[in-house]
> 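The structure that follows is given in the form of C-alpha cells.
Proteins get letters first, then strands, A, B, ... in listed order; numbering begins at 1 in each.
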Protein chains: 2
Amino acid sequence: MAGNTSRPGATVVSRVLALLGAFDENHRRLTLTELARRAELPVPTAHRLIGELTAHGALARTPSGEYVVGRQLWSLGVLAPVQTGLLEAASPFLHDLYAATLATVHLAVRDGTEVLYLDRLSGQRSVPVVSTVGSRLPLYPTGVGKVLLAHAPEQVQAKVLSSLKRITPHTITQPARLRAQLERVRSEGYATTVEEMTLGACSVAVPVRRNEADVVAALGIVVPSLRRDRPRLVAALRVAAHGIGRSISGGA
Amino acid sequence: MAGNTSRPGATVVSRVLALLGAFDENHRRLTLTELARRAELPVPTAHRLIGELTAHGALARTPSGEYVVGRQLWSLGVLAPVQTGLLEAASPFLHDLYAATLATVHLAVRDGTEVLYLDRLSGQRSVPVVSTVGSRLPLYPTGVGKVLLAHAPEQVQAKVLSSLKRITPHTITQPARLRAQLERVRSEGYATTVEEMTLGACSVAVPVRRNEADVVAALGIVVPSLRRDRPRLVAALRVAAHGIGRSISGGA
DNA sequence: ACTAGGCTTCCACTGAGCGGAAGGAGGGTG
DNA sequence: CACCCTCCTTCCGCTCAGTGGAAGCCTAGT
C-alpha cells in the first residue's frame, strides 16, 4: 500500500511557482502548513520542495521557523528588465517631487491589464494608500493606471473596459465614460482619480516618455483632495516626468 | 530506443534554479542555448523548463527571442526581507549623502561571506565601480564589506580570513593585518579601502545600527582617493547612517 | 497526563520528466 | 542555388525522481 494519487498534469515547476506565489505583500512570512494550504499541496510535498528551495537560498527560514523569500530571489529579481535603468534614473526625481508636494509618490508600469508599482515614497500617513512596491492593482481606478491604459494598445483597452468592477462608490464602471476620460488623458497629458480606488484618496498622474515618444511608465501622486492646486501638482509632475524621460532616453 | 540517461540525483528544483542562476549582472538576456550551456543542461530539457517558467511569468521572452527574468520574479523578490523597510527608509539619506559628497553611494548587507549590495547611487563616472544593485562581492576588499565583517560572528570572520585572495596589488591578503584592521574598524567606527578591489577606487564606510546596537547594514561611498577630506566624508556618512538607523529602529 | 497542531521521516508505486534523435527555420558562404 | 552550420522546436518510450498517505515527533496548551 502507500503509493500516491498525485493530481496528474501538475508539474514540479507549477508546484514550485505555486509555493512561491503564496507569498505576497501581506504574507511575507509563512509557515510550512500555510504554504502548503495556500499552494494547495499536501504538506509532505510542500515540505520537500521548500526544503530544496531553502537549500538553494531561494527561500530562507527565520529563527522562528517561518519561511520568507530568500536573498537569492531578490538578487535575481533586480535583474528583471522591469526596471533596468528606470528605477535608478527616476529615484532623484521622485525625491524632488516628494519634496515639492509632500504627497505619496508612485512610479509604475503596465503589466498586462494591471499596474505594477516600481517605486513609492510615502507622504502624509493621513491619506490611505494601498499600493506597495511590487504590488499590482487594476489599471482603471488608479491615476498611474489611467495614464498607462490611455497609452496602451487598443486590444488592452478593450479587455480592461469589458470588465470594470466597482471598488468604491466612486469607481467608474461605465465603459463609455472611462473611454472619454482616457481620451482626455491623452489630450490633456495627465490623469486624475477621485476616490475611485480608496475612499479619501485622490491622485494625479502623468506619463513618462522615452525619447519624447513611447510611454514607458507613469508617475503619480496621491493626495487627500484635488482642491485647487491641481495645476501646481501637474506642473511638478511634468517636470519630474520630463527629467526621468531625459535620463532614460537614447536606447531603442 | 530513445529513453534517457539523465544524471541521477539531479532534481527539477535544482535544474530550475540552475537555469535562473544563469542570469547575472552581465547576462541579463540569454538565448536558449546559452541558458542550457550555463546551467549545464541538455537543450531540450532547458527548453521545456524555460517554456514552463515563461508561461508562469517567471521568465519573459524579448521580441528578439532572448529570455530575461520576468516581472513575477521581480515582484516576488521585493518581498524578500533583505530590504523590507530598510531600502525605503534609507533612500532619502542616500540622496542627501550623494548630494553632500557627489561620490558613488552604497547600501549593503552581509550575506554569508559576501557583501550584497542593496542600493547604489552613481557618482562621477571617472571612478571605476564594479558593484551593482543585487550583486555580491567578497567582504574583505570592500569598504562596506569590512564594516560588515568587523561586526560579523567570529565564525564568519575566521572563514573569510582563511581564504584571502589577491584581487589587486593592494588587496590585503595577510590574515593578521586584516584582523588588525577589523579591530580598528570597530574602535574607530569606520572602514576604508585603498584600491583593494579596483585600481583607482578608494572607499569609506560606516555601520548602520538598529536601536543603536545591532549592525544591520553598512553605508559606504567610493571616491578616487582618500586625500585629506576623509574626516568630512566620515562625518557625512555618520549623519546618514544615524538617520537610517533611527528610521528603522523599534522592531526586534 | 492528555490533546491538538504542526513538523518531519519513511517508503513503494508510478507517471512526470528525461534527453537522444530528428525535423524545422534562419542566415551566411562558396 | 546548393550547401552548411547553428540554433530552436517537437517527438516519444524508458525509467527513476517525485509523490503523498501513513506514522512518528515535538511543541504548546489545557
> Check this for me: does any side-chain nitrogen of one of B:Arg28 and B:Glu25 sit under 4.0 Å from a carboxylate oxygen of the other?
yes
> As a quick check of understanding, evaluate side chain to side chain contact (heavy atoms under 4.5 Å, CB included) for B:Glu212 and B:Ser249, giving each step before the final call.
CA-CA 8 Å; B:Glu212 311 208 340; B:Ser249 289; 5.7 Å; no
> Under 4.0 Å between a side-chain N/O of A:His47 and OP1 or OP2 of C:dC7, yes or no?
no
> How do B:Arg37 and B:Pro44 order along DNA chain D: which one's closest nucleotide is nearer the 5' end?
B:Arg37
> Should we count CD of B:Glu183 as having more than 12 external heavy atoms under 6.0 Å?
yes
> Would you indicate what A:Thr11 reaches in the nucleic acid, counting non-hydrogen atoms under 4.0 angstrom: base, sugar-phosphate, or nothing?
sugar-phosphate
> Would you please confirm or rule out a distance under 4.0 Å between OP1 or OP2 of D:dT19 and any side-chain N or O of A:Arg48?
yes
> C:dC18, OP1 or OP2 - any side-chain N/O from B:Arg15 closer than 4.0 Å?
yes
> Write down the distance between CG (A:Leu41) and P (D:dG21), rounded to a whole number of angstrom.
11 Å
> Could you tell me whether the side chain of B:Leu30 reaches within less than 4.5 Å of the side chain of B:Glu66, counting heavy atoms only?
no
> For A:Ile50 and C:dT8, give me the distance from atom CD1 to atom C1', rounded to whole Å.
12 Å
> For B:Leu19 and C:dG19, give me the distance from atom CG to atom P, rounded to whole Å.
11 Å
> Between A:Arg61 and B:Val12, name the one whose nearest nucleotide on DNA chain C is closer to the 5' end.
A:Arg61
> Tell me: CG of B:Leu35 to C1' of D:dT9, nearest whole Å?
15 Å
> Can you tell me how far P of D:dT19 sits from CD of A:Glu40, to the nearest Å?
16 Å
> Taking only the side-chain nitrogens and oxygens of A:Thr45, find out if one of them lies under 4.0 Å from OP1 or OP2 of D:dG20.
yes
> Taking atom P of D:dG18 as reference, at what distance in whole Å does atom CG of A:Leu53 sit?
12 Å
> Please answer whether the main-chain N or O of B:Ile248 pairs with a side-chain N or O of B:Arg210 as donor and acceptor at a distance below 3.5 Å.
yes
> Tell me what A:Val43 touches on the nucleic acid: a base, only sugar-phosphate, or nothing, going by heavy atoms under 4.0 Å.
base
> Rounding to a whole Å, what distance do you find between A:Leu49:CG and D:dT19:C1'?
10 Å
> Starting from P on C:dG26, measure out to CG on B:Leu32 and report it in whole angstrom.
16 Å
